[in-house]
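Remarks on the structure that follows.
Along the sequence shown, residues are numbered consecutively beginning with 1. Only a predicted model underlies this, so the values are computations on that prediction, with no experimental measurement involved. All ligand and atom numbering here is 1-based and tracks the order in the structure.
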Amino acid sequence: MSHPRWDPAELELGELESALGARGVEPFHARQLYRWIHKRGVTDIDLMTDLSLALRAAIKTDCVVSTPRVVGDESSVDGTRKFTLEFSDARRVESVFIPDTPAMTFCVSTQVGCAMACGFCLTGRMGLVRHLTAGEIAGQVRVLAAATGLLDRSFNIVLMGMGEPLHNYDNTMKALRILHSDCGLAVSPRRVTLSTVGIIPALQRLADEPFMPNLAVSLHATTDEQRSALVPPNRRYPLVELLDACRRFPLKKRSRITFEYVLLNDVNDTPEDAHRLATLLNGIKSKVNLLPLNPAPGIPYDRPDDDRVDRFARILVDRGVNVSVRKSRGRDIRAACGQLIVEGGSQRSAAQQMALLLR
Ligand code: SAH
C-alpha cells in the first residue's frame with residue numbers, strides 16, 4: 001500500500017523528523033533535507049547531493065516538495081520588484097521585494113485575496129479566495145530571497161502583502177517558525193513585522209507566542225463611525241477595545257506598536273482627525289506610519305496633496321507623536337500597498353479583473 005503524498009516544505013523541523021522516522025529514515029537526515037529546502041532553496045530531491053542515492057530514492061517515492069513558481073517579475077524604476085507567484089492549484093499571489101529602506105525587505109502575502117474588504121484596498125475587492133498554507137507563506141520568502149541573491153543575507157519580512165495574517169493565524173505563525181529555524185533562513189523575530197486590521201482575540205493569542213514579531217495595526221480612522229465604514233472588522237472590534245488590547249500587548253524593550261494610517265483626501269486627513277489620533281494613542285508606546293493613499297481604478301478616494309499630508313504629520317509631531325510618512329514604492333508597477341490584486345487560477349490581468357468587478 002502506498003502512503004499518500006506528503007510535502008516536506010510544509011513541515012517544521014520536528015515534524016519532518018517524525019515524518020522521516022515514520023518512513024524508516026534516520027531522523028537526523030531531516031536537518032539535511034530542511035537545509036536544502038529552506039536555506040539553499042533547492043526543492044529537487046535529485047540535487048540534494050549529501051543524501052545517498054538510496055535515501056533520495058526512498059524519500060522521492062511518496063513526496064512532493066512544493067514551491068511557489070515565479071510567473072511574473074516586474075521591476076519598478078525605484079528598484080522595487082513585484083513577483084507574481086503561482087501555487088500548485090494555479091492560485092496566485094503577489095509578493096514584493098523592496099530594497100534599501102535601508103534594509104532589504106520582502107513583503108509577502110498570507111492569503112489569496114482578503115475577506116476584510118477595506119474600502120480603499122484593491123485586494124479587498126477580491127474577497128477571500130483561500131488561505132495560504134505555512135509552506136506557501138514561507139515559500140514566498142525563500143523564492144524571493146533566491147531570486148534576489150539574498151539567501152545568505154539578513155533581510156526584513158513584512159506581512160503586508162495580500163491577506164489578513166491574523167485571519168490565517170495558525171498557518172502564518174507556523175510559517176514564521178519555519179523561517180526562524182537555524183537549519184532554514186534563521187530569520188529573527190525582530191526582523192518580522194505583522195500588519196493587521198486588529199482582530200482582538202487573535203491579538204490576545206499573539207501576545208503569548210514564543211515567536212513574537214513586531215506589530216503594526218491598520219487604524220485609518222479615529223471614530224468608530226468612520227473606521228467601521230473604511231475597515232469593516234471595526235464593527236466587531238471597535239476602537240476602544242482595539243486600543244485597549246494594544247495597550248496590554250507585551251512589548252519588547254525599546255519596541256513600539258506601529259499604527260498605520262492611510263490618508264484619504266478630505267475624508268480622514270483633517271486637523272481634527274490628527275488631534276483625535278494623538279489623543280487616542282495617548283499612553284500607548286507607539287509610532288504612526290502615514291500612508292498617503294495609493295490610488296487605483298475603482299477605489300473611490302483620492303490621495304491628499306503633500307501640503308495636507310504635512311499638515312497632518314505636523315500636528316502629530318507637535319503633540320509628541322512619533323511619525324513617519326511612508327514613501328510609496330513601486331507604484332508604476334502596481335506593487336504599492338493596497339495595489340496587489342491577482343485573479344487566482346486564471347490568466348486575467350488586474351485590469352480585466354477590475355473591469356469584471358466593476359460591472
Ligand atoms: N491585512 C493587513 C495587511 C495589509 S496591507 C492589514 O490590514 O494591516 C498593509 C497596509 O496597506 C495596511 O495598512 C493597508 O490598510 C494599507 N493599504 C491598503 N490599501 C492601500 C492603498 N490603496 N493605499 C495605501 N495603503 C493601503
I'd like to check which ligand 1 atoms, numbered from 1 as shown, lie under 4.0 Å from a non-hydrogen atom of Met160.
5 (S), 9 (C)

So is there a nitrogen or oxygen of Phe120 less than 3.5 Å from a nitrogen or oxygen in ligand 1?
yes

How far is atom 2 (C) of ligand 1 from its nearest protein heavy atom, and which residue and atom name does that atom have?
Ser195 O, 3.2 Å

With a cut-off of 4.0 Å, which atoms of ligand 1 are near a heavy atom of Cys121?
18 (C), 19 (N)

Tell me, which protein residue and heavy-atom name are nearest atom 4 (C) of ligand 1, and how many Å apart are they?
Gly161 O, 4.0 Å

With a 4.0 Å heavy-atom cut-off (strictly under), which part of Val262 contacts ligand 1: side chain, backbone, both or neither?
side chain

Within ligand 1, which atoms have a heavy atom of Val197 less than 4.0 Å away?
6 (C), 7 (O), 8 (O)

For atom 18 (C) of ligand 1, the closest protein heavy atom turns out to be Gly338 CA, 3.5 Å

Got a salt bridge between Arg81 and Asp73, using NZ or NE/NH1/NH2 to carboxylate O under 4.0 Å?
yes

Could you tell me the separation between the OG atom of Ser95 and the CD atom of Gln140, rounded to the nearest 0.5 Å?
3.5 Å

Could you identify the single nearest non-hydrogen protein atom to atom 16 (C) of ligand 1 and state the distance to 0.1 Å?
Leu291 CD2, 3.9 Å

Going by side-chain contact (heavy atoms from CB on, under 4.5 Å), Arg303 matches just one of Asn294, Asn265, Val309. Which one?
Asn294

Just need the protein heavy atom nearest to atom 14 (C) of ligand 1, so name the residue and atom and give the distance.
His220 NE2, 3.9 Å

Around atom CZ of Arg236, are there more than 12 heavy atoms of other residues, nucleotides or ligands at under 6.0 Å?
no

Take atom CG of Asp306 as the centre, draw a 6.0 Å sphere, and report whether it contains more than 12 heavy atoms from other residues, nucleotides or ligands.
no

Tell me: protein heavy atom nearest atom 21 (C) of ligand 1, and distance?
Cys337 O, 3.2 Å

Which option wins on minimum heavy-atom distance to atom 12 (C) of ligand 1: Ser218, Gly124, Pro233?
Ser218

Arg308/Asp266 salt bridge by N-O under 4.0 Å criterion
yes

Taking only Lys NZ, Arg NE, NH1 and NH2, and the carboxylate oxygens of Asp or Glu, determine whether Lys174 and Asp170 approach each other closer than 4.0 Å.
no

Contact atoms of ligand 1, heavy-atom distance to Leu293 under 4.0 Å
21 (C), 22 (N), 23 (N)

State which residue, out of Arg142, Glu15, Glu12, Met173, fulfils the side-chain contact (heavy atoms from CB on, under 4.5 Å) condition with Ile178.
Glu12

For atom 10 (C) of ligand 1, find the nearest protein heavy atom and state the residue, atom name and distance (0.1 Å precision).
Glu260 OE2, 3.6 Å

For the residue pair Arg190 / Asn214, report whether a side-chain donor-acceptor contact shorter than 3.5 Å exists.
no

Pair Ser228-Asn234, side-chain donor/acceptor within less than 3.5 Å:
yes

For Glu164 and ligand 1, does the shortest N/O to N/O distance drop below 3.5 Å?
yes

Carboxylate-amine/guanidinium contact Glu225 Arg235, below 4.0 Å:
no

Side chain or backbone of Ile299 under 4.0 Å from ligand 1, or both, or neither, by non-hydrogen atoms?
neither

So is Cys114 in contact with ligand 1, going by heavy-atom distances below 4.0 Å?
no

Protein contact of atom 23 (N) of ligand 1 - nearest heavy atom, named by residue and atom, plus distance
Asn294 N, 2.9 Å

So, regarding Gly163 and ligand 1 (criterion: nitrogen or oxygen to nitrogen or oxygen, under 3.5 Å), is there a contact or not?
yes

Is Arg326 salt-bridged to Glu260, going by a charged N under 4.0 Å from an acidic O?
yes

